Amino acid sequence: MVDLVVRSRRAVVGGAERPAAVAVTGSRIESVSAYDATIEAAEDVDLGDTALLPGLVDTHVHVNEPGRTEWEGFATATRAAAAGGVTTIIDMPLNSLPPTVDVEALRIKQAAAAGKIHVDVGFWGGAIPGNAAALPGLHDAGVFGFKAFLADSGVPEFPPVSPAELALSLKAVDALFVVHAEDPGHLRDAASSAAYADFLASRPAAAEDAAIATAIDAARATGQRVHILHLSAAGALTLIAAAQAEGVRVTAETCPHYLTLDAAQIPDGATEFKCCPPIRDAANADALWRALTDGLITCVVSDHSPCTPELKRRDTGDFAAAWGGIASVQLGLPVIWTAARDRGHRLADVVEWMARRPADLVGLAAKGRIAPGADADLVAFDPDATFEVDPSRLHHRNPVTPYAGKVLRGVVRTTWLRGRRVTTDQAGGRFLMREG
Ligand SMILES: [Zn+2]
């Protein structure tokens, strides 16, 4: 007898949607059978026409604990993740204090997270000037790779690397490097202004083009894997395609806000839309969708990056002074599904972009898929139900969101983590270590 069977007429299995019964023993998926298969189970859940998805994998989340826990923390971020159908997050190395730039800092972060996590959590390390010698040890301690900034990160304890320092980091350890690609030479200090256009002009597409060229050069010179984080400027995709064609190991991700929001529609003073790189125009978003459809953009991740409402300067609406970051780990799935469906995509495409491919990016073979042997991370998702985004129903610590009031399609009904229903009071998450 198995512990749990979840049946759905719309299970996303092996890249397609089909009726299925997913049997779970302990923490793992034991089998995937016909929807009406006879299976002896302690618990038998029939979702009917509600879809069954693998838990999403969000490889780009800023939890900020310890040190800036008033911005976000492990309990709130992982509750938000579970409510949004995300069962795995990989935490970014910065905004926490200390930043995760050596083994000691990783241990401090894990101690801060212990007992508080509602989904599984892995960690990125950080590559900053002067810490190349610390990278091999941090990699051995289980981080999934290393994040580097080519422009100011916004926090002083996580400085950017020069192109030469980036190359030095890449040579220090055989690892995946993930890069915030904006070139400081193309960024201007934005003047104090409540007009989004002024902020946008201060961070032109050319800054991304130049930094992506730098990252590609470093990947080519060292043979290392480089992944471009939160790509906004679609023009840079031609550089990535050309580099891939010559065998350079470079990939890219984008985020829900770049795919679905339009610079022209951002109201004056609406600093909840500020992020770096910035949201650009609708034609740019169309080009990002084409690249996602073609597979040139590998995956869609949240870049969940909250702060306090004070730091968002909602009182003055000054884009120059506001912290840049959009918190959307809870809303990414319905935001993307709503837009993807309108563009003729299938639910299985969304699962590919937000579950399987991010899992593959970081080498988590047991995550992001419904298959025998995989972790029983499952999501009951009603793809036809709609809801209006009410910030008071967001679980993250500071429910500031550019999606407030939007009507989205797709409601997460239940999330299972390794075979157990996720609840707000039981912190059943585990730390994930890089495999292999
Ligand atoms: Zn980020």
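Remember, it's a predicted structure, so these values are computed and weren't measured experimentally. Each ligand, and each atom within it, is numbered from 1 in the order the structure gives. Heavy atoms only: backbone and side chains are in, while hydrogens, waters and symmetry mates are out.
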Can you tell me the N, O or S atom of Asp303 that's nearest the Zn ion (ligand 1)? OD1

Can you tell me the N, O or S atom of His62 that's nearest the Zn ion (ligand 1)? NE2

Is the Phe431-Phe123 ring centre distance short of 6.0 angstrom? yes

Which label fits Phe158 and Phe149: parallel for a plane angle under 30°, tilted from 30 to 60°, or perpendicular past 60°? perpendicular

Could you pull out the atom name of the N/O/S atom in His60 that is nearest the Zn ion (ligand 1)? NE2

Verify the ring-centre separation between His139 and Phe146: is it less than 6.0 angstrom? yes

Whether Phe144 and Trp124 hold their rings parallel, tilted or perpendicular, with breakpoints at 30° and 60°: perpendicular

